[in-house]
Amino acid sequence: MKTSNALGLLLLAGLSTGCATSYSSRPPLSFQDFDYSSPEGKPWPLQRFALSNTAAALGMTRVPEIAYVELNPEGQRTIIFIHGLGSYLKFWRYQLDTFAAQGYRVIAVDLPGYGKSDKPASFPYTMEAMADAVHELASKVCIDKPILVGHSMGGQTALSYAIRYPDDLSALVLTSPAGFEKFSRKEQAWFKRSFSTQLIKSAPEYGIWGSVRQSNFERWRPELEWLIEERVRVAKSPEFDSYAYANVRTVDGLAHDDFVRDSLGNITVNTLIVYGEDDRLIPNPFLHGGEARDVMMYGHEHIRRSQLVGLEGCGHTVQMDCPQEYNEQVLAFLKGLESGGSGK
Amino acid sequence: MTWRLSETEGRLRGCALALALGAVGLSLPAQAQGSTPLPGAYAGWYEAKNRDEDAEPREFILINYFFTRATATNEIADPSGLKGVTLGPIGMPAGSAVRVERGGPAFYIEQRWIPVIEYSPLFVDGLASFRAQLEVDYLWGRSANASQQNEGGGFNADQVNIQTKNVNVALYPTKNPNELAIVVGTQPVYDAYFDPTRTPLNDIIRTGYKLAFLGSDATGLSVFSNAKGHARLSLLPLGSAQADKALRDDPRLKYAVLGMADYAYPVAPGTNVGLSAWYLRDETKGEAYAFEGLLRSGPSSTGLPSFVGTSRFNIERPSGWVGWLGINFHHNIDFRTGPFGASGFAMYNGGRYTSTNPDTTFNREVEISGLSANLELLYNFGRTSNDLVTLEGMFSTGDKNLDDGLYTSAFTLNQYGLPGAVWFNHKMLLLFPFSSTANNYTGAVTDLSNQGFGLKTVLATGAYDLIPNKLNLRLGAGYAESTVTPPENTPGVGRGRVIGTEINAELRYTIRYLMTVGLHGGYMFRGNFYNGNPRVTTNPWAGFTTFTWYAF
């Protein structure tokens, strides 16, 4: 075989192995059909909870329900996991069983608008409203003060909870949290103007690969491809409109004030801030650029009892990108809490 | 020079998607918002249907592109006719006549403004969009009150210095531009199959044939559809002339018309394989102009090759045809599915021009048969997609005897435009034309055919964000040679095939979103291709500063 032919065949072979699987031709998938299970395939028990108090406080006619998973109800200490923007409780797939096995009572929640929770158009989708939903759930199902573990937007939700209900939690684990980065009023206005349901609904499959894999992961593995498949297929479901709208409203909600950023000094609980050093989303790559470390340092400097841990070679969704290192850091922090220390 | 207009529009459209994707990591604070209780059945309807808080649709969009470049270089242009515009390969005696000489460098500052407007009245409900683009170029210290385009900027106001660009209407019969778009009017025309009015130029220059064959504007009709793969059909009259008015008292217009059919099959997300079949029919007998009154177009043009670096065919008053058959692919060029990306093409062009002068002393007929190919490999090694290394190769067959009746190199639309093809994904500054330019688009090789002698080139770059998404350093090196040995420039001084080796460096700082300043420097070790060329007596070098702002 000629060298040029061999090189051509090698190239074709390389490309074929490098091609991503397309899921666009597969049938639609409902949010309710998402497989909520451990990596080993063990189904998680799903429950629903009506946000009566939150709905009343917000003046909602209909009481929305949220979905949550609870493992090891006998655990002595409760951890509530809160997901980020655009995701759902399955993003804690590498944590829930692990932490339950360590003796913790584990609760993971689908925030309003996401996953298997209701997606009411009238919900405000601010971090404060999200925090109220988590707080109501915690008030009803927890017998102790929970430890809140939040990722990205879930981190900002947890921060809002911690600032406004300082006596109703025992610790915070902020995972690549939103809420530390400063956006000017004009930048916020630009986001609001530019982000639309049409933009979300029209994202091509290659774009979804970008927003999931490229933006969030440094250590992508084939076992994570369900992230792509579920996002691609659910986009063809009738309920995707309400999900897209919840995303738009959430970004709008994120963009309205600096309450969390200005109130970090009011946080009194032990806090672990853990993030990926190679975060591609924080700081915002379009508006600010720079290092995630600098943004996280702001939070660390303003939360008195905080620890800061950066994981090298890890991206924004650090709990899935680097689950082993992440779990080690968080479990060490939790052990420290139990020993009465600062969590170190 | 059209290609840079859609660059503005295209990049900004791409940014909108990027914005959506990037918003996953948006870290903004918030406060609770209250809602008003909804009565009875309205509450149910509201929860299911209401989308009042969505982003408002826009009917008028203005995109502004502003660019300023300060240049110091020993490439000294002496353009004839096209004042302020320097095109074509260095060392040519005519046309832009870019010399490379020892002595004091040329220093100049130039700037460009390109506004793009898009208007889609809300009452048409997504059925159509109108677009218009203009271009204004200034050379500092040069006035252009009455004539001479691409200059202006000197002492006196009221500059007359506006180039018309695209003016077109896009019709979307299904109200979904992805399904079907019909573009009528003066429009960007590229050799990639994507709809250039809706695709980031950054994608277009890295896909299809990378503007190596076609990258300009034309007036005509194009149809695009992404419903089943990516498809494009275009019919574009490129030139017209009253070719027989003088000899036969026939005032009718004769045309050079380009028809293009392209289809790409999406093999996987981000991976596409495309096929192209284009056909050019030229009945103008070489009488149509690429630059009215100055430069005739077509392969018999005596002046155009000096500006664009094509080969002149040894034929007069030719009519004929050229066909292209090509295959192209691109894979993961934005690294969304992994760290490896690639793109490339192979193109065959064939055809025949026949002289319509029965008494000609030149060739009665010239056959065309040429092959070109390109392959680019990319590896994203770091945190941002700016952290990458690239390796690219380009090849075109060469023609040993440009005077015989057989032309055996690439045939690009530079044969009909000024320029008509503007390959600028090469990342070189001197070996090939630097893309961030207002008035000077020169290089050692400005056409894929390399004046008909063919091209073999290898280009390598490495780039790294010193500060993620803020400060980027790129280093590059390139080598090029002709496929065949060119004839002597000076009798008795043999020429070789080595065109040169370039090393370059670029440092860009992002001030704000889509606003950058850059420092760029390149040096080229010229090869024996220039032996005996009295206009390239030393190695070319150039340094630029750039300020670029896309605003929308």
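Convention: sequence-line order gives letters A, B, ...; per-chain numbering from 1.
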Smallest heavy-atom separation, Pro269(B) atom then Ser22(A) atom, equals CD-CB, 3.7 Å
Sequence neighbours excluded, the answer for side-chain contact (heavy atoms from CB on, under 4.5 Å) partners of Thr397(B) is Leu371(B), Phe395(B)
Under 4.5 Å to a heavy atom of chain B? For Glu277(A) that would be backbone
Correct closest heavy-atom pair for Ser385(B) and Gln214(A) would be CB-NE2, 4.1 Å
dist Asp52(B):CG -> Ser122(A):OG (nearest 0.5 Å) comes out at 12.0 Å
Do the side chain of Tyr206(A) and the main chain of Asp334(B) share a donor and acceptor less than 3.5 angstrom apart? yes
Comparing Asn332(B), Asn380(B), Thr384(B) against chain A, the one with the most heavy-atom pairs below 4.5 Å turns out to be Asn332(B)
So, the part of Phe340(B) with a heavy atom under 4.5 Å from chain A: the answer is neither
Within residues 464-474 of chain B, contacts to chain A at heavy-atom distances under 4.5 Å involve Ile467(B), Pro468(B), Asn469(B), Lys470(B)
Greatest number of non-hydrogen atom pairs under 4.5 angstrom with chain A, of Arg512(B), Arg58(B), Glu56(B), falls to Arg58(B)
Side chains of Asp54(B) and Ser196(A) only: does a donor on one sit below 3.5 Å from an acceptor on the other? no
Q. Checking side chain to side chain contact (heavy atoms under 4.5 Å, CB included) for the pair Arg249(A)/Arg51(B): CA distance, chi angles, key distance, verdict?
A. CA-CA 10 Å; Arg249(A) 295 293 312 277; Arg51(B) 303 285 184 265; over 6 Å; no
Are any side-chain N or O atoms of Arg336(B) and backbone N or O atoms of Ser211(A), one a donor and one an acceptor, separated by less than 3.5 Å?
no
Pair count under 4.5 Å, heavy atoms only, with chain B: among Asp262(A), Thr317(A), Val212(A), Asp279(A), highest is Asp279(A)
Of Arg193(A), Met130(A), Lys119(A), Arg62(A), the largest count of non-hydrogen pairs under 4.5 angstrom with chain B goes to Arg193(A)
*asked:* Looking at Tyr245(A) and Glu53(B), would you say the former's side chain and the latter's main chain have a donor-acceptor pair under 3.5 Å?
replied: yes
Turns out that what part of Asn247(A) lies under 4.5 Å from chain B's heavy atoms comes down to neither
In short, salt bridge (Lys or Arg N to Asp or Glu O under 4.0 Å) pairs touching residues 208-218 of chain A with sequence neighbours left out are Glu218(A)-Arg280(A)
Rounding to 0.5 Å, atoms CD1 (Ile208(A)) and OG1 (Thr337(B)) come to a distance of 13.5 Å
Sequence neighbours excluded, the answer for ring pair (Phe, Tyr, Trp, His ring centres under 6.0 Å) partners of His135(A) is Tyr161(A), Tyr165(A)
Heaviest contributor of heavy-atom pairs below 4.5 Å to chain B, chosen from Ala292(A), Ser176(A), Ala20(A), Gly290(A), is Gly290(A)
